[in-house]
Amino acid sequence: MDQTLIWLDIGTLDDIPRQGSRVLHRDGGLVPIAVFRTVDDQVFALEDRCPHKGGPLSDGIVHGHRVTCPLHNWVIDLATGGATGPDEGCAGSIPVEVRRGRVVVALTPRSTGGGCHG
Amino acid sequence: MTHTPFPMRRRLVVIGNGMAGMRTVEELLARAPGRYDITVFGAEPHVNYNRIMLSPLLSGEKTFADIVINDRAWYTDNGITLHAGDPVVAIDRANRVVRSASGVEAPYECLLLATGSDPIIIPVPGHTLPGVITFRDVADVDAMLAAAARGGRAVVIGGGLLGLEAAVGLKARGMEVTVLHLAGHLMERQIDVSAGWLLAEDLKRRGLDVRLEADTAEIVGIDRVEGVRLKDDTMIAADVVVMAVGIRPNARLARDSGLAVNRGVVVDDLMATSDPAILAVGECVEHRGVCHGLVAPLWDMARVCADRLAGLDTSGYEPAATSTKLKVTGVDLFSAGDFQGGPDCEDIVFRDAGRGVYKRIVLRDGKLAGAVLYGDATDGAWYFQLLREGADVGALRDTLAFGQAYAGGAQANPSAAVAALPDTAEICGCNGVCKGTIVTAITTQGLTTLDEVKAHTKAAGSCGSCSGLVEHLLAHTLGEGYEAQAVKPVCGCTDHDHDSVRRLIAAKGLKSIPAVMQGLEWKTPDGCHTCRPALNYYLLAAWPGEYEDHAASRFINERVHANIQKDGTFSVIPRMWGGLTNPRELRAIADVAERYAIPTLKVTGGQRIDLLGVRKEDLPAVWADLNAAGMVSGHAYGKSLRTVKTCVGNEWCRFGTQASMEMGVQLERMTWGSWTPHKFKMAVSGCPRNCAEATIKDFGVVATDGGWDLHVGGNGGIHVRATDLLCKVTTAEEVIEYCGAFMQLYREEGRYLERTAPWLERVGLAHIQARVVDDAENRRLLFGRFMASQRHAQSDPWAERAAGKEAHEFTPIPITRQAAE
């Protein structure tokens, strides 16, 4: 685990609606973080900004391990932040874990604009 | 005189007479009989029995004698001293001796802890009342049987494996049973949402009352249990309450003795505790941070422990994937490994609605990572074997969901698999049509289309879920001569088109999104952004008042009752009935705009005032303020009735022939809040000059000297379409009835996201006139259904949200504390 990450406890799994998300604001003008909970209770976190036109991904419909941006229906892979299908682009992926029922996120992105991995 | 010292046998004391402890002893006796003098202490006054079989003991399918593993004779024959019903209360590690509750002292060279686990009791008020029982041992079963003998009602808290087995057992014993489960679906630790839904439906059919997301507030009663009160204040009467919410390792004795204990007794790979003379196995242990509650890991631990005690080499305990089956007769459920999948995983989902079968196979890196099977678990063992072997299943992928029977290399695609079916294989479960019947019909009667096969054989004629199989058969039988019909599916998640989905929702009585996805064999676990909103609408339209709206399946605008803008802010439009407003409303809008620094105010084409640039977090407060001035949601965001635009009519206009404002207000009061396949706009003009532009609306009313002209199917979008004249009517009452009937016909026939204009062009004006104009009885029925649906639709969503409904949508996560590493 990256030693430089600061992990933040943001509550329990049930604080995030299933097939939905919550937003976490950050200081210093950083893009807010969208924390998603999928139908199978997996948790993912992305920078809350669609790589297409900056739409708030946290307002999208969550299906499978994907979210559809509310502005122009780009479908973003929750695990990588990458746009799926013919579209190209990446929303920064944020490390997030569930530890003993608590959801913790790291405030630093895994990759900043460096493309999508995985 | 000298003599060879008699090698004193070592003394092994086992604390715990349960499955893990005695399995270790059995394994040890098999490896090194006579190596130890064995003394066993058990808290229960019984010989060693199979705890897994408590469910059939409760339901009456088995007796206690049936579930005994080792009887008294086994202990005697193997020279084991058994102290049953006499728990150990202290371990003196310095002197290597244990003391029991009755005062028996037993010295040891080697001590084995197998104290198992305790049921978790939620410390809600009333949890100590008589009548609150757990489900862990024979005494609990006896308590439940005594309660069942008196009859009455039971509440089981916990819809996991154990809770459901208890519930079904109590039901079998004649009690009325309610299951309360905190999570959104049953057995969420073992199965996914789809299987959980099927399970809940099965249990409901068996007469169980299953309540999900039910959070117990207290157990009510004075001298004994009388009921359970939930946090939403629901009261459920109960004569007995069974707590089955989970287990925790029983590590009390180890902790008191100073051994290393976290959640459980900490052991290494060789099952040794922090004291090398003391080993531990079973549910009381914690190995690499994990506590186990299933039987398979216990058996593995027992083997390692026995190797160790017997002085044999052992590779140590290595946790393996586990599998689960629910032991309820008639319910076929299997789960193994990582059934939830995750990043880097691929799901294969197979559904057979006719047989109530759901299978989900999770693959990672071409290998099987997990599986959930419901309704047909025959291949469970096969999948589990593939999983444990880590076999590469890439070559089997296409037919993997069909099970072992199709795992041959010859049928590597579903079409070939269908071709390989025997003639006796049933294709259509609804009508019992076999493959041979269909193939014979195709060849002897010269059938070339799916519809012809339906007509001649009834295959695919009921639920339609075997349509794909029938098409494969047509293709296989006709070869090149067959071209599949072009049906446009709703989306990639299904083969069904919109009309077929709507028809089947009604025909099969499907009343939830999971029910539709299972019943119509959806190919993804939870659909996508295209099908979910459509299904949500179709269910709302089909089951008004019964179907509960699913917020997560709505586009953001309908979820937060405002329109998202390019910068992520929202626009808010209060309703102005018929486009009319007054100073109080205007003042309130001005105040709101200033209070929340709303940057833009604009008059819309539908005669409303739009507040643009509202921050999402401010929405509830904005609504509350607008509500306070008497305004409600304008639904400018919805696939719903938008606006009724009016001209001033004969109240002011020198050309006006009718009271168009009054008519507009009346129509809007009747139709607001209704959901439609796409947005629905109306207008009322007070004379044929048509200043309200009624002839480009979905429903337009134009006043004439003799009455009203009713126009339908207009659209002012990319493709401007002027309305068609539906009919002329004379009275205001007729306008109201025709409007409601027309809207209802559109609601029932329109495809999701199909405006009235393309709908009208698809079905034809005559079709609509025949149902709304010519057939007065049908018009009355349509209007009746519309008004019935409106009874459930007309509540102001703004007021509900301003009052706090689903407030999480607008509240960012508060930053509280740094996580513990």
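Per chain, numbering begins at 1; letters A, B, ... match sequence-line order. None of these values were measured; they are calculated from a predicted model.
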Please look at [X] and chain B and tell me whether the side chain, the backbone, both or neither of the residue comes under 4.5 angstrom of a heavy atom of that chain.
X        : answer
A:Val39  : both
A:Arg49  : neither
A:Val105 : neither
A:Val35  : side chain
A:Thr38  : neither
A:Pro56  : side chain

I need the [X] [atom1] to [Y] [atom2] distance, nearest 0.5 Å.
X        : Y        : atom1 : atom2 : value
B:Ile556 : A:Cys69  : CD1   : SG    : 10.5 Å
A:Ile61  : B:His529 : CD1   : NE2   : 7.5 Å
B:Ile813 : A:Ile33  : CD1   : CD1   : 9.0 Å
B:Phe570 : A:Asp59  : CZ    : CG    : 4.5 Å
B:Lys616 : A:Ser58  : NZ    : OG    : 5.0 Å
B:Cys345 : A:Gln42  : SG    : CD    : 8.0 Å

Are more than 12 heavy atoms from other residues, nucleotides or ligands located less than 6.0 Å from atom [atom1] of [X]?
X        : atom1 : value
B:Lys523 : NZ    : yes
B:Arg801 : CZ    : yes
B:Glu548 : CD    : no
B:Arg554 : CZ    : yes

### Task
Show your reasoning for whether side-chain contact (heavy atoms from CB on, under 4.5 Å) applies to A:Arg18 and B:His185.
CA-CA 11 Å; A:Arg18 184 177 280 148; B:His185 73 273; 4.1 Å; yes
### Message
If the threshold is 4.0 Å, N to carboxylate O, is there a salt bridge linking B:Arg360 and A:Asp40?
### Response
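Yes.
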Identify which part of [X] has an atom lying under 4.5 Å from any heavy atom of chain A, answering side chain, backbone, both or neither.
X        : result
B:Thr811 : both
B:Glu213 : neither
B:Arg532 : side chain

### Query
Do the side chains of A:Arg100 and B:Arg263 get nearer than 4.5 Å, heavy atoms only?
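Contact flag for B:Arg263/A:Arg100 side chains = yes.
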### Task
Specify which of B:Cys493, B:Gly527, B:Pro525 makes the most heavy-atom pairs with chain A at under 4.5 Å.
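Between B:Cys493, B:Gly527, B:Pro525, the count favours B:Gly527.
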Might you point out which heavy atoms bring [X] and [Y] nearest each other, and give the distance in Å?
X        : Y        : value
B:Gln565 : A:Leu71  : O-CD2, 3.6 Å
B:Asp526 : A:Val62  : OD2-O, 4.1 Å
A:Gln19  : B:Ala552 : O-CB, 3.4 Å

### Query
Would you find a donor on one side and an acceptor on the other, under 3.5 Å apart, between the side chain of A:Arg22 and the backbone of B:His808?
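The answer is yes, because a donor-acceptor pair under 3.5 Å joins these two groups.
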